[in-house]
Structure formats: C-alpha cells, structure tokens
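For reference, the structure discussed in these notes is given below.
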Protein chains: 2
Amino acid sequence: MQVIHMNKGEGETIGISMVDAAITNILWEIQPTSMGVADLGCSSGPNSLTVISQIIHVVDTVSHQMGRPVPELRVFLNDLLDNDFNSVFQSLPQLYKQLSNDCSGINEGNCYICGSPGSFYGRLFPSQSLHFVHSSSSLHWLSQVPSGLEATHLNKEKLYISKSSPASVVEAYQQQFQKDFSLFLRSRAHEMVVKGRMVLSFLGRRSPDPSVDEACYHWELLARALMSLALDGLVEKESIDSFNAPYYAPSQEEVEHEVEKEGSFVIHSVEAFEIAWDDGDSSGLKESSGTRVAKTIRAVVELMIENHFHLHAETMDVLFRRYAKIVDDCFSETRLHYTNLLIYLVKKG
Amino acid sequence: MQVIHMNKGEGETIGISMVDAAITNILWEIQPTSMGVADLGCSSGPNSLTVISQIIHVVDTVSHQMGRPVPELRVFLNDLLDNDFNSVFQSLPQLYKQLSNDCSGINEGNCYICGSPGSFYGRLFPSQSLHFVHSSSSLHWLSQVPSGLEATHLNKEKLYISKSSPASVVEAYQQQFQKDFSLFLRSRAHEMVVKGRMVLSFLGRRSPDPSVDEACYHWELLARALMSLALDGLVEKESIDSFNAPYYAPSQEEVEHEVEKEGSFVIHSVEAFEIAWDDGDSSGLKESSGTRVAKTIRAVVELMIENHFHLHAETMDVLFRRYAKIVDDCFSETRLHYTNLLIYLVKKG
C-alpha cells in the first residue's frame with residue numbers, strides 16, 4: 001500500500017490519474033461490452049459532470065488503443081433527493097456536444113446518462129451492474145448525527161469532536177462512521193462486478209487522534225463564532241450544546257480497518273494530501289482569506305445551521321462575518337489546511 | 001386486432017388493464033430476474049408516478065401468484081431535459097413508503113428508480129435492457145415543426161392542419177409523423193428484449209381524414225382566437241402564418257402502417273376512446289366549460305406560444321379569455337371531444 005503526502009495541486013493530479021488508471025485496468029481486465037459507472041454525490045455545480053466527462057474520454061481513448069469498440073456506457077449520477085438534478089440535466093447537451101467532438105467512439109447509441117437520487121448509505125443500483133464507482137467530497141458526511149448525541153448535551157459548546165469533548169462523544173462519532181462506511185462498502189459490494197474499481201476521496205486526517213486540528217478546526221472556529229453570538233443573546237447556548245455535525249474525518253487506519261472488516265474489497269492504494277482552507281494563493285484578491293473561507297463553509301453548512309438554529313438572515317450574516325474574522329486571526333498565526341484521503345479499491349472475486 | 005370505441009372512463013379502465021395484462025404476460029413468458037421498465041414522457045405533475053406505482057404493484061402481486069421472487073426492478077422515468085425532475089424525485093419517498101406498506105416483495109434492495117432525460121425520438125437506454133415501455137399523452141408531440149413548414153408561410157392563418165390547408169401542409173405533417181414514429185419504434189426495438197411489451201396512448205383520430213374536427217378543432221379555435229388578436233393589432237398576422245404546431249394526431253391505420261413497416265413489433269391490440277374537452281361533467285362547477293378548456297390548453301401550449309409570438313402577459317391573458325369564449329360558443333352547439341388511441345405492442349423474436 002502506498003501512502004504519499006502531497007499538496008492540493010499534486011493531489012488533484014494524482015486523483016485524476018488514479019481514476020484514469022482504474023478505468024484503464026477495468027477495460028483491460030474485464031473487457032466489458034456494457035460498462036456501468038456511478039458518480040456518488042455528484043452535486044449540481046459547474047463541476048458536477050467533470051469527472052464523468054473525464055471517465056468517458058478515458059474509455060474512448062483506451063478502447064481505441066486496445067483496438068476494441070467502445071463499450072456501451074451506463075452512467076448514473078447520484079446525490080440526495082434534494083440535489084438540483086434539473087440543473088445537472090441542463091448541462092448534459094453541452095457534455096454530449098463536447099463528447100461528440102472529442103470522442104470518435106461515443107455516440108447517441110452507446111452512452112446513457114441518468115440521475116439516481118438517494119442516499120449512498122444503502123442500495124442504489126441493481127446487483128453486479130457497476131464496473132466503476134467514484135465519489136468525491138461526500139463520504140465525510142455521515143448518514144445522521146451520531147446515534148445518542150442528538151438527545152444528550154454531552155458535547156457542550158462544540159459542533160463536532162473537540163479537544164474538550166468527552167470520550168463518549170468521540171466514540172459516538174467513531175461508531176457512526178464505522179456503521180455508515182461499512183454499509184457503504186456492503187452496498188457497493190452488491191452493486192459492483194468482480195474486479196470492478198472504486199476511487200473515493202473525502203476529508204480525513206493523518207493523525208490517529210480524532211481531535212487533531214486538521215480534522216476539527218473549521219468546526220472549532222464555527223463553534224467559537226456561534227458562542228460569541230450566544231454571548232450577545234443572538235443564539236441560545238442550549239441549541240449550540242445540542243448541535244452536532246453529521247460529519248466525520250476518519251484516519252487512514254480507520255478507513256483501512258473498515259475495508260478489511262467488510263471484506264469485499266482489496267485496497268489498491270491510499271494517498272493523503274493537503275488542501276489549504278483558503279485555496280492557497282490569495283495574492284491579488286480583494287477579500288481576506290477569512291472571508292473566502294467563510295463563504296465556502298457557509299455554502300456547505302448554511303442549510304444545516306438554518307434547520308437547527310432557525311437564525312434570521314441578518315443573524316446568519318453576523319455569524320459568518322464573525323467566523324471570517326476568527327479565521328483571519330488564525331491565518332495571521334498559522335497556515336490552515338484540511339487533509340483529503342484518496343482511496344482506490346478493487347472488488348474481490 | 002381489436003378496435004373498440006368507448007368513452008373516457010371506460011378508456012382509462014381499459015388502459016390500466018392493458019398495462020396489467022402486459023406486465024402479467026411479461027412475468028409469465030419471460031420470467032425475468034431483473035426487469036427493466038420505462039415511462040416515456042413521465043412529466044412532473046401529481047400523477048407522474050401513478051403508472052409506475054401501478055406497474056410495481058402488479059409485478060409484486062403476479063410474482064406472488066406465480067410463487068416466484070419479485071424480480072429486481074429497474075425503473076426509468078423519462079422526459080425532455082427541461083422537465084422538472086426535481087419535483088418528480090421529491091415524490092419518490094412517498095412512493096417507496098407506499099410500496100413498502102402494500103408490496104411485501106418490494107424493498108430497498110430490489111427497486112431502483114432513476115431519471116433519464118432526453119427525447120424518445122432517439123436512443124435513451126442500453127440495448128435489450130427493457131421489458132416494458134409505457135407512454136401516455138406524449139407521442140402526439142412531434143420532434144419538431146414538420147420539415148419545410150417553418151420557412152414557408154403555406155399554412156396561412158392556421159396553427160395545424162385545417163380544412164383550408166393545402167395538400168403540401170398535410171403531407172409535411174404526415175411525413176414528419178412517419179419519420180418520428182418510425183424512429184421511436186426503431187429506438188425502442190434496440191432497447192427492448194424479445195417478447196417485451198409496450199403500451200402507448202396518445203391523441204389520434206378515427207377518421208382517415210387528417211383535417212377531421214376531433215384531430216384539429218382545438219388548434220382551429222386557437223387560430224381563431226389569435227386571428228382576432230391580429231385584427232386588434234395585438235399580434236402580427238405574419239407570425240400566425242409562420243407558426244405550426246409540432247403536433248400530429250394520427251389515424252389508427254397510420255400507426256398500424258408504421259408499426260408494420262418498421263417491423264420489430266406485433267400489434268396485440270389497438271383501441272380508441274373519446275375524451276371530452278371539458279372532462280365531461282360540468283354540473284356544479286363555477287367556471288364555464290370554455291374557461292376550463294382554455295386553462296388546460298394554456299398549460300400545455302403557453303410556452304410554445306410565448307416562444308413564437310413573444311406576447312406580453314396581459315396579451316396572453318386576452319388570448320385565452322377569447323379562446324374560452326370561442327370554446328363556450330362551440331359547446332352551446334356541439335359536444336367537443338378528442339380521440340385517444342391506446343396501443344399494445346409486443347417485441348418480435
């Protein structure tokens with residue numbers, strides 16, 4: 001097993017080449033005439049079809065190199081029911097146009113893209129129908145707030161595992177992750193063919209300690225911002241005590257342990273790379289790093305915060321202005337980063 | 001071949017039992033372990049999952065009668081790219097809940113529903129992947145305005161075939177229908193397994209004459225309403241001359257001819273039934289028949305009218321008020337109805 005440490009740019013390049021290698025291996029080893037591909041957590045932004053486009057290009061190129069016809073491609077775009085599939089579908093004509101220009105082997109009669117709404121913590125696809133599964137930036141979201149934490153106020157003043165969290169909080173998070181990730185693997189094991197490949201990337205950590213900064217610090221600072229609102233009477237402290245993010249950043253060892261325990265997949269490789277909170281280079285930008293980080297985090301967590309705290313729009317603005325300020329203060333002292341885990345699995349025979 | 005004439009209520013009942021019969025025959029004759037089902041033109045209203053729900057119930061019931069496990073169900077909901085798939089997907093939890101209550105053989109691990117956007121005048125699904133295809137109220141829409149009509153002003157003051165239309169207009173419509181319907185059949189022939197079934201219902205006519213009222217009259221009256229706007233200077237007469245609806249109501253004979261010419265399907269049965277314009281019983285309703293007809297037609301054609309005529313919202317209101325008045329005047333003299341064709345096809349070996 002390889003474990004490589006690298007920065008974001010390198011990480012993205014490795015991610016792309018890992019997908020390319022997986023697709024190439026599937027085509028050579030399995031030689032499918034009909035190939036099932038799923039992107040789990042496709043989301044709906046401008047990049048929601050990027051990896052699918054990349055995969056189809058590789059299938060076209062490698063098939064030509066092999067001197068074989070391009071297999072029929074069955075592509076499934078998955079995300080939760082409330083994802084904006086309409087906007088994803090609106091981008092399909094552009095993708096088909098690009099494919100018909102770039103890929104001589106792809107045409108109307110051999111590439112079928114559809115939307116499969118639902119949670120990947122459970123079955124989504126027919127048995128043994130998939131050759132390749134991809135998921136990016138999705139598996140760090142748990143299926144629910146860890147069991148037992150919703151009713152208790154064990155994790156006072158915090159939103160996620162913190163250095164001050166009692167051991168029972170850490171355990172509840174670990175158990176929820178184990179349950180979810182194991183169900184994810186078991187579900188995919190049913191859906192994938194033997195020798196099928198899976199490339200997963202999500203937030204994790206390199207340290208065995210679940211309360212290490214790289215895994216927790218963005219929640220830690222958001223908790224600080226919320227606590228400052230509580231001091232001003234803008235949020236109930238109780239509702240901070242009762243909030244726990246349905247999120248978990250596992251270590252490589254935890255992920256490997258679950259894969260081995262579930263038993264359907266062999267780990268081909270695991271890699272870890274850093275992503276700067278503020279996306280690296282901030283020179284020439286008008287906004288502070290903190291403001292940009294706050295925007296990114298707000299886009300991801302606003303609905304969750306809204307559903308729990310029922311903040312007025314103005315209070316929400318105040319929250320993320322304070323969050324930006326706190327992040328800026330931290331940036332003046334240290335460079336903040338996430339750790340991304342990139343995992344390549346092969347379905348056993 | 002059966003040809004039965006009936007009214008709407010009877011027609012709907014026959015439509016449901018035709019679907020039931022088709023599904024039952026597939027289960028007995030093919031005994032699939034994995035069954036592909038597609039609803040083409042599923043739309044996005046409250047009824048968009050009705051037929052799928054019905055189909056799944058029949059699969060469950062018949063499988064139990066046969067003493068066999070329920071096959072894995074692969075369900076594809078199709079409509080054009082601009083359909084509101086988000087709202088269709090939002091209804092899925094309700095459907096799954098209902099199925100888990102009613103159908104002992106249907107569970108999370110054997111029923112997969114996805115959305116397949118695109119035109120059914122072309123390939124939508126992998127080869128030989130479907131056992132049953134359903135389409136309701138969609139195939140009377142052509143893939144485009146009949147070739148040649150867009151550039152010419154042959155069909156003056158009319159929106160569709162009319163008693164005053166020149167023969168070349170009628171021919172252009174017939175040829176577009178033949179081209180489209182034949183492509184539809186050829187595409188489905190690739191996608192369906194041998195002995196697979198297809199139940200299609202769409203607007204048509206019983207008369208061989210394409211300008212018969214039951215096929216044309218709703219466009220005829222809409223043309224009258226537009227011409228009255230033109231007299232008042234609210235619409236350019238030229239833009240009425242250049243508008244032609246991408247619609248065709250074929251006769252049974254035309255449909256049968258295309259099926260035989262394409263050659264992949266055997267016609268099991270064809271039935272025709274009437275649908276009252278105002279949905280029959282108007283007693284106890286506040287609105288006039290014309291107003292209700294105008295609302296229905298507006299919902300269907302407004303976007304098309306908008307795209308061609310670029311009417312202000314107020315002018316659009318005026319158009320459909322005048323249309324309602326014209327329809328009311330007609331209702332005082334005669335009962336207006338559409339003809340629906342209901343066709344059951346079996347894929348040849």
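Note on naming: letters A, B, ... go to the chains in the order of the sequence lines (proteins, then strands), and numbering restarts at 1 for each one. Because the structure is a prediction, the values reported are computed rather than measured.
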Between the side chain of A:Asn86 and the main-chain N/O of B:Phe85, is any donor-acceptor distance below 3.5 Å? yes
For the [atom1] atom of [X] and the [atom2] atom of [Y], what is their distance to the nearest 0.5 Å?
| X | Y | atom1 | atom2 | result |
| --- | --- | --- | --- | --- |
| A:Gln128 | B:Glu72 | CD | CD | 9.5 Å |
| A:Ser129 | B:Tyr112 | OG | OH | 8.0 Å |
| A:Arg123 | B:Asn107 | CZ | CG | 9.5 Å |

Side chain from CB out, backbone as N, CA, C, O: work out which of these in B:Ser127 comes under 4.5 Å of a heavy atom of chain A, or both, or neither. both
Under 4.5 Å from any heavy atom of chain A, what part of B:Asn83 do you find: side chain, backbone, both or neither? backbone
Given heavy-atom pairs under 4.5 angstrom as the criterion, report whether the side chain, backbone, both or neither of [X] touches chain B.
| X | result |
| --- | --- |
| A:Leu124 | backbone |
| A:Ser116 | both |
| A:Leu81 | both |
| A:Ile113 | backbone |
| A:Phe125 | backbone |

Tightest non-hydrogen contact, residues B:Phe89 and A:Gly115, listed as CZ-O, 3.8 Å
Among A:Pro126, A:Gly122, A:Cys114, A:Gly118, which residue has the highest count of heavy-atom pairs closer than 4.5 Å to chain B? A:Pro126
Does B:Lys261, at its NZ atom, have more than 12 non-hydrogen atoms belonging to other residues, nucleotides or ligands within less than 6.0 Å? yes
Is the number of heavy atoms from other residues, nucleotides or ligands under 6.0 Å of A:Lys295 NZ greater than 12? no
